[in-house]
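A note on names: the letters A, B, ... follow the listed sequences, proteins ahead of strands, and every chain is numbered from 1.
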Amino acid sequence: MEYNFKEIENKWQALWQERGTYKVDVDNSRPKFYVLDMFPYPSGAGLHVGHPLGYIASDIYSRYKRLCSYNVLHPMGYDAFGLPAEQYAIQTGQHPAVTTENNIARYRSQLDKIGFSYDWDREVRTCDPGYYKWTQWAFLKMFGHYYDRTEDKAMPIENLIARFEKSGTEGVDAACTTEMTFTAEEWAAMDEARREEVLQNYRLAFRADTMVNWCAGLGTVLANDEVKDGLSVRGGFPVEQKRMKQWLLRVTAYAERLLKGLDTLEWSDSLKEIQRNWIGQSTGAQMFFDVADSPLKLEIFTTRPDTIFGVTFMVVAPEHKDLMTLTSDEQRAAVEEYIEQTKKRSERERIAETRRVSGVFTGSYAVNPFTDKKIPIYVSDYVLAGYGTGAIMAVPAHDSRDYAFAKHFGLEIIPVVEGGDISVESYDAKSGNMINSGFITGKDVKEAIPMMFDEVERRGLGHKQVNYRLRDAIFSRQRYWGEPFPIYYKNDIAYPVDESKLPVELPAVANFTPTESGEPPLARVEGWEYETSTMPGFAGSSAYYLRYMDPTNDQALVSREANDYWRNVDLYVGGIEHATGHLIYSRFWNKFLFDLGCVCEDEPFKKLVNQGMIQGRSNFVYRIKGTNKYVSVGLKDQYDTQEIHVDVNIVKNDVLDLDAFRGWMPEFKDAEFVLEDGKYICGWAIEKMSKSMYNVVNPDYIVEQYGADTLRMYEIFLGPLEQSKPWDTNGIDGVHKFLRRFWRMFQDKEGGFAVSNEAATPAELKTLHKTIKKVTDDIENFSFNTAVSAFMICLNELGGCNKREVLEPLTVLIASFAPHIAEELWSEALGHEGSVFDAAMPKFNPDHLVENSFEYPVSVNGKLRFKKQIALGLSPKEVEAEVLADPAAEKWLEGKPVRKVIVVPGKIVNIVI
RNA sequence: GCGGAUAUGGUGUAAUUGGUAGCCACGUCAGACUUAGGAUCUGAUGCCGAGAGGCGUGGGGGUUCGAGUCCCUUUAUCCGCACCA
């Protein structure tokens, strides 16, 4: 009986569905384990062979945990709202609701073919009203809360109002956009509009007039993580800075907790580092500089208060709030022109011209509080309005940007730290002795910094301050395909929709295209009485892992019972591209819900594994220029050729199928070839997998040709999970061959299933238990590629062994990787009823590994070494004699039977007991 | 510029974590069987050399009895941040 993977896979996929094999529920008698994949955007292109890698890895782990008798939650859903889905709809001229539905159906059929263990009863779609009700609900909660720094958590906005009524801002320490001070009387005197304006300064979801990333190509604003190098991540359209009134989430309120929480997570160091950089914490001093002949004080932020004796000028950002006040009449025209110029420069230009020095003197002077010298105040766009206070104290001797600026404008440069040569360049290092610096002269920089913090505070010049690079997330999009805001307006005051009225459903419209002006599509809907922007893509994906726990609950996002049991995600598998987007927002969202007492864990994703990207491997043919003749790669240098991508599906092991090539496209119909060794060998290169490079491999095709089990095992056999690597269909035969061999082990010579009940030999048991140990260790370490190797070694060693005692545990062991074949063999060849996944993971028994090596202490040449055993220039026999005569070794070996002493000449000693 | 990662045969990779580098596959070569096939099985396969032997983990240095692994330095590639004070 041949290994008919098609029949087996269809049979078991149907049976799993019929029996509800992967359905899970809260079961307090068993420990839970939650394995989550980052749910996909159902794009129009469908899955290519790279997409399922992470799903396969998490599926292996889920099945393994289940075999270890955990109650495993392993759900799947669709991130269906947002730009990608909408862009696809616009491109194809169909309604996003229709394309989304179609794309989901296609994804589902592709996923089903691979044989995943998802509990599809728990599927969520972010575009379902029943789902986005809870996205809107969370938004309302954020609207109704502020972040209290004293309590270090989110608190109801009513508490803040009560405090304002009682004592104004006195004693209030809350996260806000701009610091405010007012009394209870002043609060009482405010009208409703003014009060709401004040509250928006504190709400965790708030509306503000701020500089935003405006993308005309997409017709919407974007969050910082959706912009890269001045271009939109989706579509690559230019992005400009524009002042607009937008909804934002006060993510910055959680900056410190987001940073600290990282230490508790089992994430890769590189991913944690990306998040740390994104949050960008820096400790420094917030200080006030007096402005000469003015009541104004200039507030700055610096991480190097030690260099204050070297401050020779100040710089403010073009958008600085006090700039016009600082500007003298003589300089007014020049400054105004500079501001105008800055506005015109796009984000891209600013990035491109990073090192170009520009700026204008404001006409005012500040006073250096430590030297009492008058120093000029400049405006320049190298100072950013959005970071710190939008103003800096410039220390040209020790900051390369200040240095360039000082050189350009001929300003004084005073060195205050020893080291470097400031006639050539600034000395930026944070080490060396202070010079020219009054009371800190002679101190090291590391000592001087804390001394200056103290001195600044003692003199009342300012205080120590922690700053973050992280910005509040822009939360509105001028697009159609997203969650509507549960907000309506009266006299431009925002009011929340009552919770009982949720969800506010997205209206069906015929025209959903964005507009150039930024007027959202919903503004065209007659009778639409709510906010016309919609929420961004990350809104729906921020709490989906909670919804899987209790997907149909219409009373709560997740019930207390379900959340108490499933808690948070034990293993999260997905791409690293979400490091600064989804993975920050989700953590923020979860921490907020945690503060409210809605969820029981502070962090959503305990362990996270980033699968590497699977790239394409393109093939090329070489056309001799001006002809229809193609030359094999080894001979191409003898001709003047042109490289042409050729479909990888008509190439096998880099050998071109000539007939298939002639039939591929009309222009190749009469192609002629210059062969080498009778073959046409193609060139190859690693590139992104994309249609235009003809290197896309569809998983459906692989499943058709080799079966899902082969696809699953081959994907992970390609290399380490976390590493990026190219897909190469060559080589898949090795894995397929392995599965066929495994299948044949259960058969007799006539080809019928027959397993022997004969007892296994010690050698067979040794192989089996070595494999159990290796494979379970490898799964725990996500080293799936080496686990597959271990299976292959196992079969090589077992030869034709067909004993039940060996095959039965092997079948369970392999079931996580190749579930279909395991199920079939489990029931048909081994005669079990029910699923192999109701069995238990085979237990490793070290007794079967007869030979064990141990380290032991030994003295050689008078030196006692405990770590490893060393023999210097001795023959094996001499070492053996010496080792056995060694009192330390003797003591260590006491009572242990010595089987063998292994000596690698002159090098190693191992004792086998 | 700052931060992170990677570098091993023709190819993908492995290495008990400092102990005989190249496991397992692909490919290639040779052989067996054969209904001639993209089936199955067996063997060989890092490089140089006829051989003994020598050389070999991007380059250079170091620690060590011993380094793919640790340290310093350098190069290349990829990723993240980027005028962040």
Side-chain angles (χ1 to χ4, degrees), chain A residues 2 228-229 268-278 280-282 284-285 300-304 307 315 317 350-351 353-357 380-384 386-395 398-402 404-405 428 467-471 576-577 579-580 612-613 615 617 652-655 657 684 705 714 717-720 722-738 740-741 744 774 777 783 785-796 853 855 860-861 863 865 867-874 902-910:
Chain A
E2 270 301 294
K228 212 186 155 226
D229 298 331
S268 71
D269 290 340
S270 62
L271 179 54
K272 286 188 190 179
E273 204 53 33
I274 290 172
Q275 287 215 342
R276 283 194 193 103
N277 290 343
W278 187 259
Q281 186 186 57
S282 61
I300 60 101
F301 175 76
T302 181
T303 53
R304 294 292 303 273
T307 60
V315 187
R350 276 178 83 148
I351 290 166
E353 298 166 18
T354 288
R355 294 284 159 199
R356 198 189 71 172
V357 178
S380 173
D381 65 4
Y382 86 85
V383 174
L384 305 176
Y387 184 77
T389 63
I392 61 156
M393 62 176 217
V395 187
H398 305 290
D399 182 290
S400 52
R401 295 150 305 175
D402 297 345
F405 195 86
D428 295 13
N467 262 353
Y468 296 93
R469 201 197 69 102
L470 185 73
R471 305 297 158 84
I576 194 141
E577 65 272 17
T580 56
M613 206 150 40
Q615 298 138 307
R617 186 180 188 277
K652 171 111 183 163
N653 286 328
D654 293 336
V655 177
D657 180 333
W684 61 272
Q705 297 290 308
Y714 187 56
F717 182 65
L718 277 174
E722 309 209 4
Q723 193 174 298
S724 283
K725 58 234 161 198
W727 175 268
D728 185 359
T729 307
N730 303 328
I732 198 168
D733 286 338
V735 170
H736 193 58
K737 209 188 289 182
F738 160 79
R740 278 202 308 258
R741 280 176 70 189
R744 274 204 306 274
K774 174 79 176 142
D777 284 356
S783 178
N785 54 326
T786 53
V788 175
S789 293
F791 279 121
M792 292 177 172
I793 295 168
C794 178
L795 254 57
N796 288 346
S853 300
E855 290 178 11
V860 172
N861 291 1
K863 278 196 255 175
R865 294 173 187 269
K867 197 161 183 242
K868 288 286 170 186
Q869 300 73 55
I870 294 154
L872 283 167
L874 301 176
I902 301 173
V903 178
V904 175
K907 286 184 181 171
I908 308 158
V909 183
N910 252 320

Suppose we define a pair by two distances each less than 3.5 Å, Watson-Crick or G-U wobble; what does [N] pair with here?
N	answer
B/U69	none
B/A32	B/U40
B/U63	none
B/G10	B/C26
B/G3	B/C79
B/G56	none

OP1 or OP2 of [N] under 4.0 Å from side-chain N/O of [X]:
X	N	result
A/Thr786	B/C24	no
A/Arg744	B/C41	yes
A/Arg276	B/C81	no
A/Tyr382	B/A85	no

[X] near the nucleic acid: base, sugar-phosphate alone, or nothing, with a heavy-atom cut-off under 4.0 Å?
X	answer
A/Phe717	base
A/Arg741	sugar-phosphate
A/Pro726	nothing

| Under a 4.0 Å N-O cut-off, is there an ion pair linking A/Arg304 with A/Asp428? | no
Taking the same atom, [atom1], in [N] and in [M], what whole-Å distance lies between them?
N	M	atom1	answer
B/G22	B/G10	P	16 Å
B/U11	B/C79	C1'	24 Å
B/G68	B/U8	P	15 Å
B/G12	B/U17	C1'	23 Å
B/G58	B/C78	C1'	15 Å
B/A76	B/G27	C1'	27 Å

By nearest atom, which of the nucleotides [options] is closest to the [X] side chain?
X	options	answer
A/Asp381	B/C83, B/G80, B/C24	B/C83
A/Ile392	B/U40, B/A85, B/C81	B/A85
A/Asn796	B/A25, B/A14, B/U40	B/A25

| message | Using heavy-atom distances to pick each residue's nearest nucleotide on RNA chain B, tell me which of A/Asp269 and A/Ser783 is more 5'. | response | A/Asp269
| note | RNA chain B nearest-nucleotide lookup for A/Ile793 and A/Asn785: closer to the 5′ end is A/Asn785
Side chains of [X] and [Y]: closer than 4.5 Å at any heavy-atom pair?
X	Y	result
A/Tyr382	A/Ile392	yes
A/Arg471	A/Trp278	no
A/Val735	A/Met792	yes
A/Arg617	A/Asp654	yes
A/Leu470	A/Gln275	no

Taking [atom1] from [X] and [atom2] from [N], how many angstroms apart are they, rounded to a whole number?
X	N	atom1	atom2	answer
A/His736	B/A25	NE2	C1'	15 Å
A/Leu718	B/A14	CG	P	12 Å
A/His398	B/C83	NE2	C1'	19 Å
A/Arg304	B/A85	CZ	P	11 Å
A/Glu273	B/G3	CD	C1'	6 Å
A/Asp428	B/A85	CG	C1'	11 Å
A/Ile274	B/G4	CD1	P	12 Å
A/Lys774	B/C24	NZ	P	13 Å

Return the polar atom pairs (N/O with N/O) between nucleotides 26-31 of chain B and the protein under 3.5 Å, or none.
unit_1 : atom_1 : unit_2   : atom_2 : d
B/C26  : OP1    : A/Lys737 : NZ     : 3.1

| Could you walk me through whether A/Glu722 and A/Ile576 pass the side-chain contact (heavy atoms from CB on, under 4.5 Å) check? | CA-CA 10 Å; A/Glu722 309 209 4; A/Ile576 194 141; over 6 Å; no
| Plane angle bin for A/Phe738 and A/Phe791 - parallel if under 30°, tilted between 30 and 60°, otherwise perpendicular | tilted
| said: Between A/Asp402 and A/Val395 (side chain of the first, backbone of the second, donor and acceptor by atom type, cut-off under 3.5 Å), is there such a pair? | reply: yes
